[in-house]
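Here's the structure, in C-alpha coordinates; my notes come after.
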Amino acid sequence: LDWPASGPAYTGQTFVCFGGNTSSADWIVNIDYKSSTSGGNASPFGDMSEAINFGAAAGSQGARAVHAGGGKSPDWTTGRTEMEYITIASTGNTGDAGDLTVARSECPGGAGNGTRAIWAGGYNSGYVNVMDYMAISSTSGATDFADLNNTTGNGNCGGSLTRFLHSGGNDLVQQIDYVAFDTTGGTASDFGDLQKPTRSNGGGISTEAVICNSQGGTELTNGGETARTVRMDWVNPASTGSIDDFGDLVAGARYVSGGFSDNTRGEIWGGDTRTDRIQYVDIAGKGDATDAGNMTVTASQRSSSGASG
(Lines give C-alpha, C1' and ligand atoms only; values in the text may rest on other atoms or scores of the structure.)
Protein backbone atom coordinates (compact mmCIF):
# COMPACT_ATOMS: atom_id res chain seq x y z
CA LEU A 1 0.00 0.00 0.00
CA ASP A 2 1.11 3.56 -0.70
CA TRP A 3 2.14 5.91 2.08
CA PRO A 4 0.09 9.10 2.54
CA ALA A 5 0.56 12.03 0.20
CA SER A 6 1.38 15.49 1.48
CA GLY A 7 -2.02 17.14 1.78
CA PRO A 8 -4.98 17.62 4.12
CA ALA A 9 -5.59 14.78 6.57
CA TYR A 10 -8.67 13.53 4.70
CA THR A 11 -6.62 12.82 1.55
CA GLY A 12 -4.23 9.98 0.79
CA GLN A 13 -2.75 7.81 -1.94
CA THR A 14 -4.70 4.63 -1.14
CA PHE A 15 -8.35 4.60 -2.24
CA VAL A 16 -10.72 2.05 -0.62
CA CYS A 17 -14.29 1.09 -1.65
CA PHE A 18 -16.78 -1.10 0.28
CA GLY A 19 -19.65 -3.49 -0.45
CA GLY A 20 -22.22 -3.05 -3.23
CA ASN A 21 -24.23 -5.38 -5.42
CA THR A 22 -23.49 -7.26 -8.61
CA SER A 23 -27.23 -7.80 -9.29
CA SER A 24 -30.48 -6.95 -7.51
CA ALA A 25 -30.20 -10.25 -5.60
CA ASP A 26 -26.41 -10.50 -5.14
CA TRP A 27 -25.01 -8.13 -2.50
CA ILE A 28 -21.34 -8.39 -1.67
CA VAL A 29 -18.84 -8.15 1.20
CA ASN A 30 -15.92 -7.13 -1.04
CA ILE A 31 -13.53 -4.31 -0.16
CA ASP A 32 -11.31 -3.07 -3.03
CA TYR A 33 -8.32 -0.74 -3.02
CA LYS A 34 -5.86 0.86 -5.43
CA SER A 35 -3.13 3.45 -5.53
CA SER A 36 -4.25 6.92 -6.56
CA THR A 37 -1.11 7.27 -8.66
CA SER A 38 -1.82 4.14 -10.70
CA GLY A 39 -3.84 3.80 -13.89
CA GLY A 40 -4.17 0.08 -13.17
CA ASN A 41 -6.90 -2.03 -11.67
CA ALA A 42 -8.10 -2.32 -8.07
CA SER A 43 -7.09 -5.27 -5.86
CA PRO A 44 -8.91 -7.15 -3.08
CA PHE A 45 -8.39 -5.56 0.36
CA GLY A 46 -10.56 -7.84 2.54
CA ASP A 47 -14.20 -8.41 3.49
CA MET A 48 -16.91 -6.63 5.44
CA SER A 49 -18.75 -8.46 8.24
CA GLU A 50 -21.83 -9.02 6.04
CA ALA A 51 -23.07 -8.32 2.51
CA ILE A 52 -24.30 -4.71 2.27
CA ASN A 53 -24.94 -1.98 -0.27
CA PHE A 54 -24.83 1.79 -0.33
CA GLY A 55 -23.39 2.79 2.98
CA ALA A 56 -20.65 5.42 3.21
CA ALA A 57 -17.06 5.64 4.42
CA ALA A 58 -14.62 8.30 5.59
CA GLY A 59 -10.87 8.00 6.11
CA SER A 60 -7.84 9.51 7.75
CA GLN A 61 -4.54 9.88 5.96
CA GLY A 62 -2.69 6.58 6.08
CA ALA A 63 -4.41 5.44 9.26
CA ARG A 64 -8.02 4.27 9.40
CA ALA A 65 -11.24 4.23 7.36
CA VAL A 66 -14.69 3.83 8.91
CA HIS A 67 -17.75 2.59 7.01
CA ALA A 68 -21.27 3.11 8.39
CA GLY A 69 -24.83 2.10 7.57
CA GLY A 70 -26.15 0.73 4.28
CA GLY A 71 -28.81 -1.80 3.36
CA LYS A 72 -28.85 -5.40 4.56
CA SER A 73 -29.30 -8.12 1.94
CA PRO A 74 -31.77 -8.85 0.45
CA ASP A 75 -34.09 -5.89 1.26
CA TRP A 76 -32.85 -2.33 0.70
CA THR A 77 -35.38 -1.00 3.24
CA THR A 78 -33.61 -2.84 6.09
CA GLY A 79 -30.91 -0.46 7.27
CA ARG A 80 -27.82 -1.14 9.36
CA THR A 81 -26.54 0.57 12.48
CA GLU A 82 -23.19 -1.23 12.22
CA MET A 83 -19.97 0.75 11.80
CA GLU A 84 -16.80 -1.06 10.68
CA TYR A 85 -13.18 0.04 10.33
CA ILE A 86 -10.05 -0.99 8.49
CA THR A 87 -6.41 -0.02 8.98
CA ILE A 88 -5.51 1.44 5.59
CA ALA A 89 -1.82 0.52 5.73
CA SER A 90 -2.52 -3.24 5.91
CA THR A 91 -5.03 -5.35 4.01
CA GLY A 92 -7.57 -7.47 5.88
CA ASN A 93 -11.17 -7.70 7.06
CA THR A 94 -13.11 -5.04 8.96
CA GLY A 95 -13.28 -4.63 12.74
CA ASP A 96 -16.21 -3.41 14.86
CA ALA A 97 -16.39 0.40 15.31
CA GLY A 98 -19.73 0.59 17.14
CA ASP A 99 -23.12 1.74 15.83
CA LEU A 100 -24.93 4.69 14.29
CA THR A 101 -27.64 6.28 16.45
CA VAL A 102 -30.29 5.20 13.90
CA ALA A 103 -30.23 2.27 11.43
CA ARG A 104 -30.11 3.63 7.89
CA SER A 105 -30.06 2.32 4.34
CA GLU A 106 -30.16 4.33 1.09
CA CYS A 107 -26.89 6.11 1.55
CA PRO A 108 -26.35 7.81 4.85
CA GLY A 109 -23.76 9.93 3.04
CA GLY A 110 -20.42 10.28 4.82
CA ALA A 111 -17.30 12.44 4.81
CA GLY A 112 -14.50 13.32 7.21
CA ASN A 113 -11.81 15.93 7.83
CA GLY A 114 -9.17 13.36 8.83
CA THR A 115 -10.13 13.53 12.51
CA ARG A 116 -13.94 13.47 12.70
CA ALA A 117 -16.44 11.83 10.31
CA ILE A 118 -20.12 12.73 9.81
CA TRP A 119 -22.89 10.60 8.27
CA ALA A 120 -26.11 12.31 7.11
CA GLY A 121 -29.57 11.32 5.87
CA GLY A 122 -30.68 7.86 4.72
CA TYR A 123 -33.78 5.68 5.02
CA ASN A 124 -35.44 4.22 8.12
CA SER A 125 -39.14 3.50 7.42
CA GLY A 126 -38.98 6.77 5.47
CA TYR A 127 -36.22 9.24 4.68
CA VAL A 128 -34.56 10.97 7.65
CA ASN A 129 -32.61 14.16 8.40
CA VAL A 130 -30.39 12.57 11.06
CA MET A 131 -26.68 13.47 11.21
CA ASP A 132 -24.24 11.43 13.33
CA TYR A 133 -20.55 11.95 14.03
CA MET A 134 -17.61 10.00 15.43
CA ALA A 135 -13.86 10.38 15.83
CA ILE A 136 -12.29 8.28 13.08
CA SER A 137 -9.87 6.82 15.65
CA SER A 138 -12.75 5.63 17.88
CA THR A 139 -14.49 2.25 18.09
CA SER A 140 -17.24 3.51 20.43
CA GLY A 141 -19.93 4.30 17.87
CA ALA A 142 -21.58 7.51 16.72
CA THR A 143 -23.26 10.41 18.53
CA ASP A 144 -26.08 12.64 17.28
CA PHE A 145 -24.62 15.71 15.55
CA ALA A 146 -27.42 17.90 14.12
CA ASP A 147 -30.17 17.77 11.45
CA LEU A 148 -30.23 18.28 7.70
CA ASN A 149 -32.74 20.79 6.32
CA ASN A 150 -34.45 18.02 4.35
CA THR A 151 -35.47 14.44 5.13
CA THR A 152 -33.66 12.62 2.35
CA GLY A 153 -31.47 9.72 1.29
CA ASN A 154 -29.22 9.04 -1.69
CA GLY A 155 -27.50 12.41 -1.40
CA ASN A 156 -23.74 12.75 -1.15
CA CYS A 157 -21.23 14.33 1.18
CA GLY A 158 -17.81 15.94 1.03
CA GLY A 159 -15.67 18.00 3.32
CA SER A 160 -12.71 20.28 3.93
CA LEU A 161 -10.72 20.51 7.15
CA THR A 162 -13.42 22.74 8.63
CA ARG A 163 -16.70 22.17 6.74
CA PHE A 164 -18.95 19.18 5.96
CA LEU A 165 -21.28 19.47 2.93
CA HIS A 166 -24.35 17.36 2.02
CA SER A 167 -25.66 17.70 -1.56
CA GLY A 168 -28.89 16.57 -3.24
CA GLY A 169 -31.00 13.51 -2.46
CA ASN A 170 -34.41 11.96 -3.01
CA ASP A 171 -37.63 13.99 -3.42
CA LEU A 172 -36.29 16.74 -5.68
CA VAL A 173 -33.59 17.92 -3.26
CA GLN A 174 -31.30 20.45 -4.94
CA GLN A 175 -30.01 22.09 -1.77
CA ILE A 176 -26.47 21.85 -0.42
CA ASP A 177 -26.28 21.93 3.41
CA TYR A 178 -23.16 22.63 5.44
CA VAL A 179 -21.98 22.44 9.04
CA ALA A 180 -18.69 23.10 10.80
CA PHE A 181 -16.99 19.82 11.75
CA ASP A 182 -16.11 21.10 15.23
CA THR A 183 -19.66 22.08 16.27
CA THR A 184 -22.76 20.05 17.17
CA GLY A 185 -26.46 20.74 17.57
CA GLY A 186 -29.10 22.66 15.65
CA THR A 187 -29.78 22.45 11.93
CA ALA A 188 -27.37 22.62 8.98
CA SER A 189 -27.00 25.94 7.13
CA ASP A 190 -27.87 26.53 3.47
CA PHE A 191 -24.76 26.61 1.24
CA GLY A 192 -26.48 26.95 -2.16
CA ASP A 193 -27.95 24.64 -4.80
CA LEU A 194 -26.71 22.01 -7.21
CA GLN A 195 -27.18 22.84 -10.90
CA LYS A 196 -30.20 20.50 -10.90
CA PRO A 197 -32.03 18.36 -8.30
CA THR A 198 -30.01 15.12 -8.20
CA ARG A 199 -29.97 11.85 -6.26
CA SER A 200 -27.65 8.82 -6.21
CA ASN A 201 -24.66 11.02 -7.07
CA GLY A 202 -21.10 10.29 -6.03
CA GLY A 203 -19.53 11.63 -2.81
CA GLY A 204 -17.39 14.74 -2.69
CA ILE A 205 -13.88 14.63 -4.17
CA SER A 206 -12.23 17.18 -1.91
CA THR A 207 -9.36 19.61 -1.52
CA GLU A 208 -9.28 22.83 0.49
CA ALA A 209 -9.99 24.88 -2.67
CA VAL A 210 -12.31 22.61 -4.67
CA ILE A 211 -14.94 20.01 -3.79
CA CYS A 212 -16.33 18.14 -6.79
CA ASN A 213 -19.50 17.60 -4.78
CA SER A 214 -21.67 15.74 -7.28
CA GLN A 215 -20.71 13.15 -9.90
CA GLY A 216 -23.40 11.55 -12.03
CA GLY A 217 -26.66 10.44 -10.46
CA THR A 218 -30.27 10.75 -11.56
CA GLU A 219 -31.60 14.21 -12.28
CA LEU A 220 -35.11 14.87 -10.97
CA THR A 221 -38.02 16.97 -12.23
CA ASN A 222 -41.63 17.38 -11.15
CA GLY A 223 -42.47 14.91 -13.91
CA GLY A 224 -40.18 12.26 -12.46
CA GLU A 225 -36.62 11.04 -12.99
CA THR A 226 -34.61 11.74 -16.11
CA ALA A 227 -31.82 9.64 -17.55
CA ARG A 228 -28.58 9.04 -15.65
CA THR A 229 -26.48 12.16 -15.97
CA VAL A 230 -22.80 12.68 -16.81
CA ARG A 231 -22.83 16.03 -14.98
CA MET A 232 -20.29 16.91 -12.27
CA ASP A 233 -20.63 20.03 -10.07
CA TRP A 234 -18.03 21.77 -7.90
CA VAL A 235 -17.90 24.38 -5.14
CA ASN A 236 -15.30 26.29 -3.14
CA PRO A 237 -15.86 24.89 0.39
CA ALA A 238 -14.78 28.14 2.04
CA SER A 239 -17.58 30.15 0.39
CA THR A 240 -21.32 29.75 -0.08
CA GLY A 241 -23.66 30.06 -3.03
CA SER A 242 -21.38 29.54 -6.03
CA ILE A 243 -21.90 26.21 -7.81
CA ASP A 244 -20.18 25.63 -11.14
CA ASP A 245 -19.81 22.92 -13.78
CA PHE A 246 -16.78 20.65 -13.25
CA GLY A 247 -17.00 18.49 -16.40
CA ASP A 248 -18.56 15.21 -17.52
CA LEU A 249 -18.20 11.55 -16.60
CA VAL A 250 -17.11 9.09 -19.30
CA ALA A 251 -20.71 7.80 -19.31
CA GLY A 252 -23.89 8.65 -17.42
CA ALA A 253 -24.21 6.68 -14.19
CA ARG A 254 -26.00 6.70 -10.83
CA TYR A 255 -25.08 4.95 -7.56
CA VAL A 256 -21.40 5.73 -8.20
CA SER A 257 -18.74 5.83 -5.50
CA GLY A 258 -16.86 9.12 -5.16
CA GLY A 259 -15.00 10.74 -2.31
CA PHE A 260 -11.52 9.59 -3.42
CA SER A 261 -8.85 12.32 -3.31
CA ASP A 262 -5.07 12.47 -2.97
CA ASN A 263 -5.25 16.30 -3.11
CA THR A 264 -4.41 16.27 -6.83
CA ARG A 265 -6.31 13.41 -8.43
CA GLY A 266 -9.84 12.21 -7.71
CA GLU A 267 -11.60 9.01 -8.75
CA ILE A 268 -15.16 7.77 -9.32
CA TRP A 269 -15.86 4.02 -9.13
CA GLY A 270 -18.60 1.75 -10.51
CA GLY A 271 -22.23 2.76 -10.95
CA ASP A 272 -25.57 1.65 -12.37
CA THR A 273 -26.09 0.04 -14.82
CA ARG A 274 -23.48 -2.12 -13.15
CA THR A 275 -19.94 -1.53 -14.32
CA ASP A 276 -16.39 -2.15 -13.13
CA ARG A 277 -15.17 1.19 -14.55
CA ILE A 278 -12.91 3.50 -12.53
CA GLN A 279 -12.67 7.10 -13.76
CA TYR A 280 -10.30 9.87 -12.66
CA VAL A 281 -10.27 13.67 -12.72
CA ASP A 282 -7.68 16.40 -12.20
CA ILE A 283 -9.23 18.21 -9.24
CA ALA A 284 -7.56 21.61 -9.65
CA GLY A 285 -7.73 21.61 -13.46
CA LYS A 286 -11.32 20.29 -13.58
CA GLY A 287 -12.64 18.95 -16.90
CA ASP A 288 -14.01 15.62 -18.08
CA ALA A 289 -13.23 12.29 -16.46
CA THR A 290 -10.89 9.71 -18.03
CA ASP A 291 -10.80 5.91 -17.72
CA ALA A 292 -8.45 4.78 -14.94
CA GLY A 293 -8.76 1.00 -14.69
CA ASN A 294 -11.30 -1.43 -13.25
CA MET A 295 -12.66 -2.66 -9.93
CA THR A 296 -12.36 -6.34 -8.96
CA VAL A 297 -16.15 -6.71 -9.43
CA THR A 298 -18.80 -5.35 -11.78
CA ALA A 299 -21.00 -3.60 -9.22
CA SER A 300 -23.30 -0.74 -8.32
CA GLN A 301 -24.39 0.83 -5.02
CA ARG A 302 -20.98 0.51 -3.40
CA SER A 303 -20.09 2.97 -0.64
CA SER A 304 -21.34 6.35 -1.91
CA SER A 305 -18.20 7.86 -0.41
CA GLY A 306 -15.07 5.75 -0.42
CA ALA A 307 -12.07 6.42 1.80
CA SER A 308 -8.71 8.00 0.99
CA GLY A 309 -5.78 7.30 3.26
Side-chain angles (χ1 to χ4, degrees), residues 15-34 41-59 65-86 91-100 102-110 119 121-128 153-157 169-170 199-203 215-218 228 253-260 267-278 294-307:
F15 295 164
V16 188
C17 191
F18 299 78
N21 63 55
T22 56
S23 72
S24 60
D26 188 11
W27 299 13
I28 58 176
V29 298
N30 304 51
I31 306 171
D32 286 3
Y33 79 99
K34 72 179 288 291
N41 297 333
S43 300
F45 187 99
D47 291 337
M48 303 192 71
S49 64
E50 64 179 330
I52 66 101
N53 74 350
F54 226 47
V66 181
H67 181 281
K72 289 178 178 279
S73 178
D75 182 1
W76 69 267
T77 64
T78 304
R80 307 173 76 236
T81 60
E82 289 87 347
M83 307 176 77
E84 305 177 40
Y85 76 91
I86 57 168
T91 56
N93 298 337
T94 57
D96 182 13
D99 294 290
L100 294 169
V102 178
R104 279 172 278 167
S105 62
E106 286 290 271
C107 181
W119 291 267
Y123 184 92
N124 182 312
S125 301
Y127 291 106
V128 299
N154 288 317
N156 81 76
C157 301
N170 288 74
R199 74 168 181 90
S200 307
N201 39 353
Q215 311 104 44
T218 303
R228 297 164 181 84
R254 62 178 183 174
Y255 297 123
V256 298
S257 297
F260 305 106
E267 291 188 351
I268 305 102
W269 292 29
D272 186 23
T273 56
R274 292 167 184 86
T275 178
D276 63 355
R277 178 184 286 128
I278 297 174
N294 302 99
M295 303 187 299
T296 66
V297 290
T298 299
S300 176
Q301 297 182 341
R302 309 202 76 182
S303 47
S304 61
S305 297

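What's counted below: heavy atoms across the whole structure, side chains too, no hydrogens, waters or symmetry copies. Starting from 1, each residue takes its place in the sequence as its number.
Remark: Glu84 pairs with Arg80 by the salt bridge (Lys or Arg N to Asp or Glu O under 4.0 Å) rule, at least two apart or across chains. Residues passing the side-chain hydrogen bond (donor to acceptor under 3.5 Å, both in side chains) test with Asp99 are Thr81, sequence neighbours excluded. Under the side chain to side chain contact (heavy atoms under 4.5 Å, CB included) criterion, Thr275 pairs with Arg277, sequence neighbours left out. Under the side-chain hydrogen bond (donor to acceptor under 3.5 Å, both in side chains) criterion, Arg254 pairs with Asp272, sequence neighbours left out. Listed by chain and number, the residues in a side chain to side chain contact (heavy atoms under 4.5 Å, CB included) with Thr298 are Arg274, Asp276 (sequence neighbours excluded). By the ring pair (Phe, Tyr, Trp, His ring centres under 6.0 Å) test, Tyr123 is found to be paired with Trp76, Tyr127, residues two or more places apart in sequence or in another chain being considered. Looking at residues two or more places apart in sequence or on another chain, you find a ring pair (Phe, Tyr, Trp, His ring centres under 6.0 Å) between Phe260 and Phe15, Trp269. The side chain to side chain contact (heavy atoms under 4.5 Å, CB included) search around Asn93 returns Asp47, not counting sequence neighbours. Taking the side-chain hydrogen bond (donor to acceptor under 3.5 Å, both in side chains) definition, one finds that Thr77 meets it with Asp75, sequence neighbours left out. Applying the side chain to side chain contact (heavy atoms under 4.5 Å, CB included) test to Ala58 and every residue at least two apart in sequence or in another chain returns Ala117.
For the pair Thr78 (side chain) and Lys72 (backbone), a donor-acceptor distance under 3.5 Å is absent. The backbone N or O of Ala42 lies less than 3.5 Å from no partner atom in the side chain of Thr296, so there is not a single donor-acceptor pair.
The side-chain heavy atoms of Arg228 and Thr273, taken from C-beta on, include a pair separated by under 4.5 Å. Contact annotation: the side chain of Met295 approaches that of Ile278 to within less than 4.5 Å [non-hydrogen atoms, C-beta and beyond]. Within the 4.5 Å cutoff, side-chain heavy atoms of Arg104 are placed close to those of Val128. In this structure the side chain of Ser303 reaches within 4.5 angstrom of the side chain of His67, judged on heavy atoms.
For the pair Arg199 and Glu106, the salt-bridge criterion is not met [side-chain N within less than 4.0 Å of a carboxylate O].
Between Ser300 and Tyr255 the shortest heavy-atom distance is OG-CB, 3.4 Å. Considering every non-hydrogen atom in both Ile52 and Gly55, the closest pair reads CD1-N, 4.3 Å. Of all the heavy atoms in Asp96 and Tyr85, the pair that sits closest is O-CE2, 3.6 Å. Closest approach of Ser257 and Cys17 over heavy atoms only: OG-SG, 3.6 Å. Here the shortest heavy-atom pairing between Val66 and Trp119 reads O-CZ2, 3.7 Å. Listed here is the closest heavy atom pair of Pro108 and Ala68: CG-O, 4.0 Å.
Sorted by first and then second residue, the pairs that involve residues 19-32 and meet salt bridge (Lys or Arg N to Asp or Glu O under 4.0 Å), not counting sequence neighbours, are Asp32-Arg302.
One finds the CD atom of Glu267 at 3.5 Å from the NZ atom of Lys34 (value rounded to the nearest 0.5 Å). Considering CG of Asn154 and OG of Ser200, their distance stands at 4.0 Å, rounded to 0.5 Å.
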